[in-house]
Amino acid sequence: MATTTAAQRRAEESRQYNANLAACPGHELLATLSDKWLTLIIDALADGPQRYAELSRTVAGASQKMLTQTLRKLERDGLVARRVTPSVPVRTDYELTGLGRELLPLQRAIKAWAETHIEQVHQARAEYDGMTGRVADRQR
């Protein structure tokens, strides 16, 4: 059995947890958590359970297909629970799980940071575009 040096072990550990590598656990979730619709749905469910129609109104701009796909992804990842109540018509409610609630403070912190620094970002974009001769892309 070959032995490894401390430097080799550190290099291997670094490689395993490098967020830029597709096999990294952090990379797997960061791609999911940065989804625009996921963020809006988590925020919409922060105040408690909602029916699909309520979510559809709250998360304006999301198509029915996108809302359904995102809710399924959230349910699969354990962030949202779906509860079906047999009635006529069938009632389906969505709510955050404990894991989903743990995500709220992080999302709120990012939102607060964005609101605090948006003017600086706009200024930096304008300066960059001025230096490169690019027309500012206001939709990003």
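Annotation: the span from R10 atom CZ to Q8 atom CD amounts to 10.5 Å, rounded to 0.5 Å. Here the CD atom belonging to E102 is positioned 11.5 Å from the CG atom belonging to L96, to the nearest 0.5 angstrom. Annotation: the span from T39 atom OG1 to K111 atom NZ amounts to 11.5 Å, rounded to 0.5 Å. For the atom pair CH2 of W37 and CD of Q69, the computed distance is 12.0 Å after rounding to the nearest 0.5 Å.
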- Applying side chain to side chain contact (heavy atoms under 4.5 Å, CB included), run through V90 and T92 and close with a yes or a no. CA-CA 7 Å; V90 173; T92 305; 4.3 Å; yes

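In the hydrophobic clustering of ILVMFWY residues, with side-chain heavy atoms under 4.5 Å counting as a link, I110 and L33 come out apart.
For T70 (side chain) and M66 (main-chain N/O), a donor-acceptor pair under 3.5 Å exists by modelled atom type. In this structure a side-chain-to-backbone donor-acceptor pair under 3.5 Å is missing from Q107 to L104. A donor-acceptor contact shorter than 3.5 Å is absent between the side chain of E115 and the backbone of A112. Put simply, the side chain of Y52 gets close to the backbone of Q64: a donor and an acceptor are under 3.5 Å apart.
When each of D93, V59, T58 is tested with Q50 by the rule side-chain contact (heavy atoms from CB on, under 4.5 Å), just one qualifies, namely T58.
Taking the salt bridge (Lys or Arg N to Asp or Glu O under 4.0 Å) definition, one finds that R101 meets it with nothing, sequence neighbours left out.
With no hydrogens or angles considered, a side-chain donor-acceptor pair links Q123 and E127 at under 3.5 Å.
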Please tabulate, for the side chains in residues 71-83, all donor-acceptor contacts under 3.5 angstrom to protein atoms that are two or more places apart in sequence or on a different chain.
residue : atom : partner : partner atom : Å
E75     : OE1  : R82     : NE           : 3.2
R83     : NH1  : E95     : OE2          : 2.9

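Each ring-ring contact (aromatic ring centres under 6.0 Å, His included) pair with one or both residues in residues 84-116, not counting sequence neighbours, appears once here: W113-H117.
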